[in-house]
Every structure is written in structure tokens, then in C-alpha cells.
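Notes for the one structure printed next.
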There are 2 protein chains.
Amino acid sequence: MSASGKQRPTMVDVAEKAGVSRALVSIIFRDQPGASQETRERVLRVADEIGYRPDNAARLLARGRSRTLGVMFTVHQTFQADLVEGIYPEAERLGYEVLLSATSQGRSEVKAVEALLSHRCEAVILLGPDMEAADLDALGHRTVAVSVGRRVPQTRVDSVHTAEGKGVRQAMDHLVELGHRRIVHIDGGRGPGSAERRRAYRAAMRRHGLQPELRVIPGDHTEESGIETGRLLLAERDRGLPLPTAVLAGNDRCAMGLLMALTRAGVEVPGDLSVVGYDDSHLSHLMPIGLTTVRQDSLLMAEYAVRFAVERLEDGELEPREAVLDPKLVVRGTSGPAPEGPA
Amino acid sequence: MSASGKQRPTMVDVAEKAGVSRALVSIIFRDQPGASQETRERVLRVADEIGYRPDNAARLLARGRSRTLGVMFTVHQTFQADLVEGIYPEAERLGYEVLLSATSQGRSEVKAVEALLSHRCEAVILLGPDMEAADLDALGHRTVAVSVGRRVPQTRVDSVHTAEGKGVRQAMDHLVELGHRRIVHIDGGRGPGSAERRRAYRAAMRRHGLQPELRVIPGDHTEESGIETGRLLLAERDRGLPLPTAVLAGNDRCAMGLLMALTRAGVEVPGDLSVVGYDDSHLSHLMPIGLTTVRQDSLLMAEYAVRFAVERLEDGELEPREAVLDPKLVVRGTSGPAPEGPA
DNA sequence: TACTCGCACTAGCGCGCGCTAGTAGAGCGC
DNA sequence: GCGCTCTACTAGCGCGCGCTAGTGCGAGTA
């Protein structure tokens with residue numbers, strides 16, 4: 001037997017060996033009524049003996065539906081990994097399979113989505129999509145699509161995200177209550193949710209009368225971005241400018257980068273400076289003192305995403321929906337009272 | 001048009017609209033000779049108009065081969081994300097598609113692999129598999145399998161890994177040269193490569209005459225493990241025991257956790273203590289001073305894995321092969337001279 | 001005996017495509 | 001005219017399975 005010559009056994013093989021028709025084998029493997037208990041057991045035993053497994057490709061060709069959800073995600077985005085982890089069980093619960101397709105440099109979102117569709121996924125769940133709204137809309141016309149983490153108003157695409165505004169507001173209120181005034185925000189660039197977070201930060205600063213201190217530092221949702229910001233702030237300090245007393249990072253990864261840069265340089269967290277992240281990915285626990293962050297419930301988001309997709313598949317008339325989940329500030333060790341002293 | 005009623009156009013639709021036979025459309029989409037340039041363009045234009053895309057499921061049913069590689073990976077393992085990123089381009093270069101299937105808690109390796117096989121993957125690439133050698137061997141008999149990061153001698157499974165021993169030896173020599181003697185190793189538990197690293201650590205300690213200082217702390221390949229170890233070491237210090245002067249972590253994630261725990265507690269790295277990781281995942285750059293680590297070339301490993309799989313598929317008689325890549329110590333900021341003074 | 005009913009099982013078409021074995025027609029040489 | 005070759009295209013089977021419309025048969029009823 002050559003390695004490449006490993007012939008997959010088919011239903012016909014099982015049927016012949018068991019002395020029944022192929023149709024009956026089909027019935028048995030679909031767990032449909034129409035076969036005696038005795039025959040069921042015999043056929044299953046035979047199938048097991050010759051190593052038969054149903055061929056999904058053929059299966060989903062034969063029945064019109066594939067009952068498969070495609071998930072597009074970005075390698076290296078921690079929070080998306082959390083989401084993927086939540087998607088599997090919910091999909092299984094509803095009787096759907098899951099196919100993953102990653103984007104990375106050199107593999108665009110379009111490519112990743114095409115791969116999913118060509119494998120007959122009935123719906124695609126896009127984790128933090130970065131494509132144009134128009135492209136998203138077009139995709140929504142071609143198939144059932146759900147965007148997670150990014151709002152997509154006015155399109156035929158369902159979306160699941162958290163009320164970014166609320167989350168940021170909670171974080172800002174928390175910091176202000178602790179006496180912070182010089183609070184800067186590291187922007188998430190084109191990252192999912194960034195625009196809303198930036199807006200909410202600005203609004204919160206104004207609301208608290210901190211307009212003069214308002215400062216948005218460009219960045220993105222990576223550790224590098226946090227490190228760079230850290231370097232920038234340290235350089236400013238060395239030139240005599242005051243450090244901010246608190247930083248609202250674009251997400252947890254960014255916050256972690258910032259923390260690494262600052263603590264290495266001897267800045268006390270939260271003594272000299274407080275840091276708040278966003279996501280509550282498992283990174284939040286990396287800091288021994290815990291990262292104060294705005295929790296997005298990845299499990300719940302995954303659940304919604306899967307359910308939106310499935311419900312749209314089963315009732316095509318449904319209008320696009322939007323789930324806006326409540327974020328929740330989780331106070332851990334990286335936020336504390338603002339340091340004393342003059343600005 | 002209801003959302004779920006989005007009927008995918010098929011070749012028949014294209015053929016009818018273009019006024020040719022379905023077979024000709026097939027020829028054109030497979031880029032085979034047998035159609036005039038003029039017809040080609042017309043058919044492709046028509047196909048584009050009605051939004052036709054080839055159906056992969058049907059395609060791989062019709063031709064015997066699917067030309068698809070399945071990749072099993074673990075969500076959250078950073079280094080595996082690096083590997084996935086390398087697998088895509090190499091597979092594409094060789095004309096293969098890639099299907100991903102993740103393991104996580106609640107989704108076992110067996111489940112993940114079954115999902116891949118049921119979608120007619122011709123071969124599976126297992127990133128850091130944790131299953132029994134016997135199960136791996138069985139899988140190797142059923143299909144073409146490649147294990148990445150874990151050695152699997154005596155099985156019908158190709159494997160790609162680095163010479164863990166060499167890597168550890170380089171790291172240990174580096175530390176000893178810097179004057180370190182009290183070097184502990186955080187074990188990687190059942191993680192890929194752990195056994196070899198542990199063995200090599202022991203051997204290196206003996207070789208350098210440091211047997212009395214030999215110490216392996218149980219752990220695994222997560223940040224949590226590093227944090228716990230950090231806590232443990234700090235607690236020991238508080239009880240008057242000396243800190244080790246250097247730690248060889250099980251991998252980068254573990255090293256990062258350790259660094260977070262130690263630097264938070266005021267331990268100077270590398271002043272008081274040096275830390276060496278393993279993998280050179282992108283985490284290594286998270287530390288502003290850079291993590292000294294043993295580099296595993298993820299791109300090269302991915303390339304080997306894909307090529308092994310493909311070559312076995314195209315020549316089934318090939319015996320299982322093993323690629324052992326040379327690791328390379330990358331010295332960055334977390335390792336420095338051993339601190340002075342008595343133990 | 002004749003007639004239904006229900007259970008266990010089978011025949012056979014179709015899913016969308018790849019692929020082999022063709023055919024029709026144009027062009028060419030003699 | 002005939003035979004040949006070459007290009008452009010088509011007919012039709014098969015991939016492994018789902019599914020509808022059956023068939024056969026024993027038990028129960030009148």
C-alpha cells in the first residue's frame with residue numbers, strides 16, 4: 001500500500017461488505033429512521049472495521065446545504081483567538097461545522113473569504129474585518145455575513161460588537177475618579193472599534209472638562225505600538241515634559257507593549273502611571289498585578305455571531321441585525337490613584 | 001431574493017448564457033488548452049457577470065485529488081501562528097490549498113483532525129501534536145501526516161523540528177560564559193520539544209560541572225507558567241534563599257510571564273537575573289530590550305512541513321523523513337553577566 | 001381470503017464538477 | 001476528389017453521497 005494510494009473506503013464498500021444497499025448505509029449514517037437496530041449495529045461495525053468515514057465534500061454536494069460556517073480571522077490577534085474558541089462549541093451545538101481561514105501579510109481578506117466560500121460555507125463570520133464598507137456590503141449580498149468587532153451600518157451584514165462608547169466612558173470615569181487628569185489615548189488606527197473608542201475618549205475628556213489635556217497618540221492594535229508609545233513618552237519626559245498620569249490603550253496588546261516599555265524604564269505602575277487596556281483577552285492576566293481593562297465578552301460575542309449567521313440561514317427574510325453588548329470595566333492592578341504633585 | 005435563497009450560479013448557468021457546452025467552461029476554468037482565446041474571454045466575462053465561482057467541494061469530488069493540506073494548530077500558541085503564516089505561501093506556491101482546524105479546550109486533537117480529513121484533506125500538518133505516538137502512527141497509516149515541533153521516531157509520520165539539544169546547548173554555553181552557575185530550567189511539560197530541552201539542560205549542567213545547581217521547575221508553555229515560577233522564586237528569595245542568576249524558560253511565552261513577574265517585583269533583568277526563551281516568536285520583540293532566545297525558523301519549518309507533505313503525496317513510496325533544523329541563539333537584552341557576590 | 005398498514009429496505013436520480021473519448025469543420029497536399 | 005492533421009468544441013460517465021419514491025413482506029383486521 002503506497003502512502004498516496006490510501007484509498008478511502010466509501011459507502012459502497014461498506015454496503016457490499018455488510019450485504020445491504022448503499023442507501024441503507026446512508027440512512028444509518030444520517031441517523032434516520034428506516035433501519036432495524038440490529039442492522040444498524042452490524043453496518044456500523046463493518047464501517048468501523050474497514051475504516052470508513054463519511055466524505056464531507058460529497059455530503060455537502062449532495063444535500064444542498066453544507067451546514068458549514070466560515071470564519072475569517074487574523075493570526076496573532078489574541079482576542080480573535082478567544083473568539084474562535086467560542087465559535088466552535090456554539091456552532092457544534094447548532095449542528096454546524098466550522099472552517100477557518102486566516103489573513104496575514106500576503107494573504108488578504110478577500111483571498112481568505114474566497115477560500116471559505118469556495119468550500120461552500122453558507123455564511124462567513126468576519127473577525128475584525130478591515131475591508132471597505134462597500135466590499136462588506138457586496139459580500140453581504142452574495143452570502144450571509146456577520147462582522148464581529150466592527151460596526152457596519154447600512155449594509156446587509158449582521159454585526160456583533162460592544163458598546164465601545166460605554167466601555168471607554170467607564171474606563172475614563174474610573175480614571176478621573178482616581179484623580180487623573182492628564183490621560184492620553186493610544187489610538188487603534190484602522191483596528192476594529194478604534195474609531196468609536198477614540199470618539200468616546202474625546203467626549204469623555206470634554207465632559208470632564210479636561211479638553212486641554214486631550215491627546216490622541218497614533219498607533220494600532222499591536223504590542224509594537226505600545227512599545228513605541230512608551231518610548232515616545234519616555235523621550236518626552238527626558239526632555240522635561242511631564243508624563244501623562246494615565247494611558248487608555250487601544251487594546252490589551254498595545255497596553256502590554258506600553259507596560260513592558262515603561263516598567264523596564266523604572267516607571268511605577270500604577271504608582272507613577274495607570275494603564276487601562278481593552279478586550280480583556282487572556283493577556284490581561286499576564287501582568288502579575290493584572291491589567292485593568294474593558295472586558296468584551298468573547299464567548300458571548302461568539303455566540304451571537306454564530307446565532308446571527310444560523311438564524312439568517314434558516315430564515316432568509318430576516319433583516320440585518322446588530323448586537324451591541326455591554327462592556328464591563330474590570331479593575332485590576334494597573335490602575336491606581338493619580339500621583340500627587342503639580343502637573 | 002431571500003438571503004438564504006442566494007442560489008450559487010454553476011457552470012451550467014455560465015455555459016447557457018455564453019452559448020457553449022459546460023465542458024468548455026470547465027476547460028477554460030482549468031486553464032487547459034482546447035478553447036480559442038476569443039471564447040475564453042467571452043466565457044470569463046459572462047462568468048464574472050453572473051458571479052460564478054468554481055465550487056471547490058464539487059471540484060475535489062470530481063478529480064480524485066483535493067490538493068488540500070489540513071493544518072491542525074492550537075489557538076493561542078504564538079509560535080504556531082508564525083508557522084501558519086509560513087504555511088500559506090508555500091502551499092500556494094506548490095498549488096495546494098490550506099484548511100485550518102483549531103484545537104482548544106473542549107475540542108480535542110482527534111476532533112480537529114477528523115474535521116480536516118472529512119473535508120478531504122490529502123495530508124495533515126500537525127503543529128505541536130500532543131497525542132500518543134501510537135495514535136500518531138495510526139494517523140500516519142490512514143493518511144500523510146507531518147508533525148511539526150515534535151519528534152515522532154518509529155512512526156509513519158514525517159517530522160520537522162529543530163535540534164533542541166543544540167539550541168539549549170548554545171543557550172547554556174552563552175549563560176555559562178557570562179559567568180552564570182545557578183541556572184534553572186522551567187520545564188515545558190508535555191509541550192513540543194520539552195523533553196529534549198529538559199534532557200539537554202541536564203546534560204549541559206553536568207558538562208559544565210554544575211550538577212549541584214541543576215534544577216528543573218515544572219511548568220508548561222504558557223505565560224501563566226512563567227508567572228507562577230516567578231512567584232515561586234520570589235517567595236523563595238523572601239525566605240532567604242538565593243535567586244538563580246539565570247533562567248532557561250520552556251519557551252518565549254513562559255519567559256515573558258516570568259519577566260513580567262520578576263520586573264514587577266523590582267528584579268533587574270539582566271542585572272540581577274538573566275532570562276533566555278525559546279522559539280523567537282514575535283513576542284521576543286515585546287521586551288524593549290529584546291528577549292534573548294533560541295530561534296526556531298518558523299518560515300523554514302513551515303516550508304519543510306509543506307514540502308514533506310506534498311512530496312509524500314506525489315510519491316507515495318517515500319519513507320518517512322525527519323528534518324532537523326539548526327536553531328540559533330539570538331542574544332538580545334535579557335541576558336547579561338552574572339551578578340557579582342557570593343551565592 | 002382479501003385487504004390494509006407499517007416496517008425494513010432498495011432503485012435511481014441529482015448535486016457541480018473533471019475528464020476521456022469523441023465529432024465537426026477548416027486547411028492542406030496530391 | 002480523397003485522406004490527413006489540427007483546432008475548437010461536445011457527449012456523457014463518474015466522483016461519494018442525500019433523498020424521494022418506491023418494493024416486498026409479515027402482522028393485523030374484517
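Sequence lines set the chain letters: A, B, ... in the order given, protein chains first and strands last, and positions in each chain run from 1. Bear in mind the structure is a predicted one, so any value in this text is a computation, not a measurement.
For D:dG18, its base sits under 3.5 Å from the side chain of A:Arg22 at one donor and acceptor pair at least.
For B:Ser36, counting side-chain heavy atoms from C-beta on, the closest listed nucleotide (D:dA8, C:dT10, D:dT10) is D:dA8. Here C:dT10 is the nucleotide among C:dT10, C:dC19, D:dC17 with the atom lying nearest to any side-chain atom of A:Leu24. Relative to the side chain of A:Met11, the nucleotides C:dG18, D:dG18, D:dG16 differ in distance, and D:dG18 lies closest. Distance from the side chain of B:Ala62 is smallest for D:dC15 among the nucleotides C:dC15, D:dC15, D:dC9.
In this structure, CZ of B:Arg42 is placed 12 Å from C1' of D:dC9, rounded to the nearest angstrom. Separating the CD1 atom of B:Ile27 from the C1' atom of D:dA11 is a distance of 12 Å, rounded to the nearest angstrom. A:Arg59 has its CZ atom 8 Å from the P atom of D:dC17, to the nearest Å. Distance CG (B:Leu60) to C1' (D:dG16): 11 Å, rounded to an integer number of Å. Rounded to whole angstrom, the span from the CD1 atom of B:Ile28 across to the P atom of D:dT10 amounts to 9 Å. Atom CD of A:Gln37 and atom C1' of C:dC9 are 16 Å apart (whole Å). We find that CZ of A:Arg65 is positioned 15 Å from P of C:dG16, with the value rounded to whole Å. B:Asp13 places its CG atom 11 Å from the P atom of C:dC15, with the value rounded to the nearest Å.
The residues A:Arg93 and A:Glu90 are annotated as salt-bridged, a charged nitrogen and a carboxylate oxygen being separated by less than 4.0 angstrom. The pair A:Glu97-A:Arg59 fails the salt-bridge criterion, with no side-chain N (NZ, NE, NH1 or NH2) lying under 4.0 Å from an Asp/Glu carboxylate O.
Among the atoms of the strands shown, only primed sugar atoms or phosphate atoms (P, OP1, OP2) are found under 4.0 Å from some heavy atom of B:Val20. Within the nucleic acid shown, A:Arg40 has no heavy atom closer than 4.0 Å to any nucleic acid atom. Across all strands, A:Ala23 comes closer than 4.0 Å to base atoms (heavy-atom distances). Using a 4.0 Å heavy-atom criterion, one finds that A:Pro33 contacts no nucleic acid atom at all. B:Arg120 comes within 4.0 angstrom of the backbone, heavy atoms only, and of no base.
Dashed line: the shortest gap from a side-chain N or O of B:Ser21 to OP1 or OP2 of D:dT10 is under 4.0 Å. The side chain of B:Thr39 contributes an N or O atom lying less than 4.0 Å from OP1 or OP2 of D:dC9. Of the side-chain N and O atoms in B:Ser26, one or more sit less than 4.0 angstrom from OP1 or OP2 of C:dG18. Side-chain nitrogen and oxygen atoms of A:Arg30 include at least one within less than 4.0 Å of the OP1 or OP2 phosphate oxygen of D:dC19.
Between the side chains of B:His161 and B:Gln296, not a single donor N or O lies within less than 3.5 Å of an accepting N or O. Between the side chains of B:Ser101 and B:Arg107, at least one donor N or O sits under 3.5 Å from an acceptor N or O.
Proximity of A:Arg40 to A:Asp31: side-chain heavy atoms (C-beta onward) are separated by under 4.5 Å at one or more points.
Aromatic ring centres of A:His282 and B:His76: separated by under 6.0 Å.
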